[in-house]
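The structure under discussion appears below in the form of structure tokens.
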Amino acid sequence: MDSPIEFIPEEFIIKQPNKPEVLELLSELEFNRLSKRLLGDEVELKPTSSSGQMSLFGGSVGESIKEEVQPVEYKTIQDLNPNYTLISTELEHKEFVKILCNQKTVCFDTETSGLNPRESSIIGLAFCFKKGEAYYCSISENPNTLNIYQSFFEDSSILKIAHNLKFDAAVLKSNKVNVVGPFFDTMIAHYLLKPDQRHGMDVLANNYLSYKPISIETLIGKKGKNQKSMLEIPADIIKDYAAEDADITFQLYQVFEPAIKKEKLESLFYDIEIPLSIVLMEMENEGICLDTKSLSDFSIMLEESIKNLKSTIYGFSEVDFNIDSPKQLGDILFNHLALDEKAKKTKTGQYKTDEQTLLKLASKHQIVKEILEYRQQKKLQSTYVDALPKLISAQTNRLHTTFMQTVAATGRLSSTNPNIQNIPIKTEMGKEIRKAFISRNKDYSILAADYSQIELRIIAALSGDKSMIDAFKNNIDIHSSTAAKVFKVDFKDVTQDMRRKAKMVNFGIIYGITAFGLSQRLGIKRGEAKEIIDNYFEQFPDIKTYMDSMVDFARENGYVETIKNRKRHLKDINSRNAPIRGFAERNAINAPIQGSAADIIKIAMINIRKEMQLRNLKSKLLLQVHDELVFDLFNEEKDVMLELVEKNMSGAVNLKVPLNVEMGIADNWLDAH
DNA sequence: GACTTCACG
DNA sequence: ACGTACGTGAAGTCC
């Protein structure tokens, strides 16, 4: 049985749960299927089966819940009786592609043998250019069939619409088909409209079309070892499923295209996100080389070291236990060794054993230091040293991440499989891992280019704070400059400790500072932290005004936006629950800053790629890590590239502060910094 | 699958 | 009197 609850894309909070017009949408059964938590006079609800690691509070829906949940009955393919056609003979394909090329606007979708674009073949193509009418072109029987469609994909007079275009473009590319714009991507469109929600086609079909599509599991079975490949399914069975996908994409386009216009998101969509998706596709496709020999040497060393740490720890504990289990570790530290009578607990009642907690115990027992060391090395081994080589593609011998363009609510990218945005760099051992990211051969080097202090520069520019802008214009060390002002000393008298504290304050400003947060991080009293913050706002009154204005704007409009009009909706901004409201207020401050930085580097990436293509350069853009770009630099292009990258990064947008870019070249990623 | 921890910006 | 710095993804345990 299908409950509409499954299709509420987000966690939500029902304000005043006794209000009938809200609660009537949920049957008792549905209500019981949600996990509930009382938060003052509000109830937090979330689907119990939701995929984990959601944000702390998520978005409360308040009024908009009515829009989201309304369709309790979903139409299916049986209800609508659409006109879906199978195209399979060579003659049919040739006739059909003529029809396609006469269209102005066409949705397409590829059916593939798998989810990895470089390892998958194309089984069929689905097209739709009119609601309720779609075509499934089976092409796996004859490999030449795909070529027939080249004329369509290369036609720049046709608007091509897809849901997650990056994937389809990548699969076509790996099957030697080039696809050109103009493009529309319904997944990205929805990401710009509702950045903090989910953008899967099924969810969107439910919410915007009141339609329940045929599930992929109907075709290939449930996830697991028995799941079939699309290759095993006959074309006439795939037909309805594939054609329906194209049909839905077309209908979503009809909803989202005007919505993008209405919300003034056209420039962000057409000038930034859509071109970026192609840049990302090329970066993913390129991949980066990994020095597997150095990693396997390092792994052997780590293995030995971890073994020794383990036996030292067991020596201290006098009993064997699983160090990887926080539960067992807590038992050893706080019951067996009784290191802290008032040990902090997690929200589920277990002892906290995270790094911050352990550091405070380090002076009480030698075991603690060993555990911290063990934790660090185990992390490096399991998450990186042993995991990365397994992800190297057999075809290309390189590591191909997937950049997720519609995940981060602020507009940032994220990276999976592997995540190349959290490769270690801070510790000595961690550096060994970054060192294993290398150029493709001796004719190439790694070029790393990163924005210096981009988020602080953005807040300086947006707030118009003169003293901070001056500091950046004059290239003065920003943390020392802040320290001099906050601690009211001459610049030359700033101590290391003052600078350290000021650096924390600067980070705090970007995150929406609290006295508690600062005191925790600096290990000082709350009162002292409050005094520092008060001094800061006294010295930087424009920053204070700017922060307040962001919160006020959010309260009035329900969202905040970046320099390129990327919105983040903050439904909790007027919540009567103080912690929830505080969270939204900090988002109101942070989102425009983090999001504007994301806008800027995205523009830089597009312009860099455009110019590299124009100049026919052999160097390749490989990675993006929020404020940094990583290239495989063709050595002969060193001078051209340094100039080109610097120019396009610092010149991506015009701000009241200069955007400084630091660049480095080496044969590996570590030394390029 | 929830929870905890920790890697990065 | 609350719980608290922003944004991510992955690995391990334990139910």
Side-chain angles (χ1 to χ4, degrees), chain A residues 35 39-40 46-57 195-196 321-330 345-358 372 375-376 378-384 386-388 391 401-404 407-427 429-430 433-434 450-451 453-455 504-522 526 529 533 568 576-583 585-595 597-598 601 623-628:
Chain A
S35 70
L39 300 160
K46 52 183 175 181
T48 45
S49 60
S50 68
S51 58
Q53 301 192 11
M54 283 184 156
S55 63
L56 190 52
F57 301 112
D196 52 359
F321 67 101
N322 187 345
I323 311 169
D324 296 335
S325 160
K327 193 171 172 238
Q328 293 182 37
L329 179 61
K345 303 267 185 79
T346 66
K347 63 171 182 236
T348 53
Q350 276 188 49
Y351 289 116
K352 284 197 85 143
T353 67
D354 63 4
E355 191 179 353
Q356 208 197 345
T357 309
L358 293 188
L372 283 165
R375 277 255 180 94
Q376 193 210 112
K378 195 74 197 279
K379 175 85 176 179
L380 296 181
Q381 185 187 44
S382 63
T383 309
Y384 305 100
D386 292 351
L388 289 176
L391 291 168
T401 186
T402 300
F403 287 107
M404 306 295 288
V407 171
T410 53
R412 273 190 175 183
L413 299 177
S414 78
S415 159
T416 65
N417 258 306
N419 180 352
I420 50 78
Q421 294 180 322
N422 71 349
I423 301 301
I425 190 167
K426 288 173 182 168
T427 66
M429 281 189 161
I433 294 162
R434 196 165 277 235
D450 63 283
Y451 283 113
Q453 304 291 355
I454 188 168
E455 295 188 340
M504 281 301 196
V505 174
N506 279 332
F507 273 110
I509 291 300
I510 292 163
Y511 297 152
I513 203 162
T514 65
F516 183 86
L518 186 65
S519 70
Q520 286 287 300
R521 271 158 188 58
L522 289 178
R526 226 164 124 165
I533 294 168
R568 175 154 190 194
R576 289 167 312 291
N577 182 304
I580 289 181
R581 189 178 59 248
F583 193 71
E585 286 169 354
R586 292 193 295 278
N587 280 157
I589 294 162
N590 175 261
I593 302 167
Q594 192 180 117
I601 197 167
L623 309 176
Q624 187 251 44
V625 192
H626 311 306
D627 64 356
E628 174 186 9

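Letters go in sequence order (proteins before strands), and every chain restarts at 1. When reading the values below, keep in mind they use all heavy atoms of this one structure, side chains included, and skip hydrogens, waters and symmetry mates.
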Counting only side-chain nitrogens and oxygens, does A:R375 get under 4.0 Å of the OP1 or OP2 atom of B:dC6?
yes

Looking only at side chains, do A:Q421 and A:S415 share a donor and an acceptor under 3.5 Å apart?
no

Selection from C:dG7, B:dA7, B:dC8 that lies nearest to any side-chain heavy atom of A:K426:
B:dC8

From CD of A:Q453 over to P of C:dC6, roughly how many Å is that when rounded to an integer?
20 Å

Between C:dG9, B:dG9, B:dA7, which one does the side chain of A:Y384 approach most closely?
B:dA7

Whole-Å distance separating the CG atom of A:L358 from the P atom of B:dT4
15 Å

Kindly say if A:T410 contacts the phosphate of C:dG7, meaning a side-chain N or O under 4.0 Å from OP1 or OP2.
no

May I ask you to say what A:N422 touches in the nucleic acid, namely base, sugar-phosphate or nothing, with a heavy-atom cut-off under 4.0 Å?
base

Mind checking if A:I420 touches a base, just sugar-phosphate, or nothing, with heavy atoms under 4.0 Å?
nothing

Is any side-chain nitrogen or oxygen of A:S414 closer than 4.0 Å to OP1 or OP2 of C:dG9?
yes

What nucleotide among B:dT4, C:dT8, C:dT13 has an atom nearest to a side-chain atom of A:A408?
C:dT8

Just how far, in rounded Å, is C1' of C:dA5 from OH of A:Y511?
8 Å

Dot-bracket for DNA chain C, 5' to 3', Watson-Crick and G-U pairs with both distances under 3.5 Å, [ ] for crossing pairs, | for partner on another strand, reads .....|||||||||.

If you only use heavy atoms from C-beta on, which nucleotide in B:dG9, B:dC6, C:dT13 is closest to the side chain of A:D324?
C:dT13

At 4.0 Å (heavy atoms only), tell me whether A:A409 reaches a base, stays on the sugar-phosphate, or touches nothing.
sugar-phosphate

On the nucleotide B:dC8, are OP1 or OP2 found under 4.0 Å from the side-chain N or O atoms that A:R434 carries?
no

Heavy atoms only, 4.0 Å cut-off, all strands: where does A:G582 land among base, sugar-phosphate and nothing?
nothing

Base, sugar-phosphate, or nothing for A:E628, non-hydrogen atoms under 4.0 angstrom?
nothing

Mind checking A:M429 for me? I need base, sugar-phosphate or nothing, with any heavy atom below 4.0 Å counting as a touch.
nothing

Give A:Q520 one of three labels, base, sugar-phosphate or nothing, depending on what nucleic acid heavy atoms sit under 4.0 Å from its own.
nothing

Counterpart residues, ring-ring contact (aromatic ring centres under 6.0 Å, His included), relative to A:F321 (two or more places apart)
A:Y314

Gap between atoms CG and C1', on A:N419 and B:dT5 respectively (whole Å)
15 Å

Can you tell me if A:N587 touches the phosphate of C:dG7, counting only side-chain N or O atoms and a distance under 4.0 Å to OP1 or OP2?
yes

Any carboxylate oxygen within less than 4.0 angstrom of a Lys/Arg side-chain nitrogen, looking at A:K378 and A:D324?
yes

At under 4.0 Å between heavy atoms, what does A:K378 touch on the DNA or RNA strands: base, sugar-phosphate, or nothing?
nothing

Closest listed nucleotide, where the reference is the side chain of A:M404 and the choices are C:dA5, B:dG9, C:dG9:
C:dG9

Choosing from C:dG9, B:dT5, C:dT4, which nucleotide comes nearest the side chain of A:T514?
C:dT4

Please classify the nucleic acid contact of A:I513 as base, sugar-phosphate, or nothing, using heavy-atom distances under 4.0 Å.
base

Can you tell me if the side-chain N/O atoms of A:S325 get under 4.0 Å from OP1 or OP2 in C:dC14?
yes

With P as the reference atom in both, quote the distance from B:dT5 to C:dA5 in angstrom, rounded to an integer.
14 Å

In whole angstrom, what separates A:H626's NE2 from B:dG9's C1'?
5 Å

So, is A:T353 near the phosphate of B:dT5, with a side-chain N or O under 4.0 Å from OP1 or OP2?
yes

Using only heavy-atom distances, determine whether the side chains of A:T357 and A:D354 contain a donor-acceptor pair under 3.5 Å.
yes

With sugar-phosphate meaning primed atoms plus P, OP1 and OP2, does A:A578 contact a base, only sugar-phosphate, or nothing at under 4.0 Å between heavy atoms?
base

By salt bridge (charged side-chain N to carboxylate O under 4.0 Å, His left out), A:E455 pairs with (sequence neighbours left out) A:R412

How far does the C1' atom of B:dC6 sit from the matching atom of C:dC2, given to the nearest Å?
28 Å

Which nucleotide in B:dT5, C:dA11, C:dT8 has an atom nearest any side-chain atom of A:V407
C:dT8

Can you list every pair that meets salt bridge (Lys or Arg N to Asp or Glu O under 4.0 Å) and has a residue in residues 413-422 of chain A, with sequence neighbours left out?
none

Residues passing the ring-ring contact (aromatic ring centres under 6.0 Å, His included) test with A:Y351, sequence neighbours excluded, are A:F334

Residues in side chain to side chain donor-acceptor pair (under 3.5 Å) contact with A:N322, at least two apart in sequence or another chain
none

Run the numbers on A:Q594 and A:H626 for side chain to side chain contact (heavy atoms under 4.5 Å, CB included), then give the verdict.
CA-CA 9 Å; A:Q594 192 180 117; A:H626 311 306; over 6 Å; no

I need the NZ-P distance between A:K347 and B:dT5, as an integer number of Å.
11 Å

Expressed in angstrom and rounded to an integer, what is the separation of A:L413 atom CG from C:dG9 atom P?
11 Å

Evaluation steps, side chain to side chain contact (heavy atoms under 4.5 Å, CB included), between A:I509 and A:I589
CA-CA 9 Å; A:I509 291 300; A:I589 294 162; over 6 Å; no

A:L623 CG to C:dT8 P, in whole Å, measures 20 Å

Think A:K327 has a side-chain N or O under 4.0 angstrom from the OP1 or OP2 of C:dC15?
yes

With a 3.5 Å cut-off and heavy atoms only, can you find an N or O donor on one side and an acceptor on the other between the side chain of A:E355 and the base of B:dC6?
no

So A:R526, base contact, sugar-phosphate only, or nothing? Heavy-atom distance under 4.0 Å.
base

Does either side chain, that of A:R526 or that of A:T514, offer a donor lying less than 3.5 Å from an acceptor on the other one?
no

For C:dG7, take OP1 and OP2 only and decide whether either is under 4.0 Å from a side-chain N or O of A:R412.
no

Which is true for A:Q328 with a 4.0 Å heavy-atom rule: it touches a base, it touches only sugar-phosphate, or it touches nothing?
sugar-phosphate

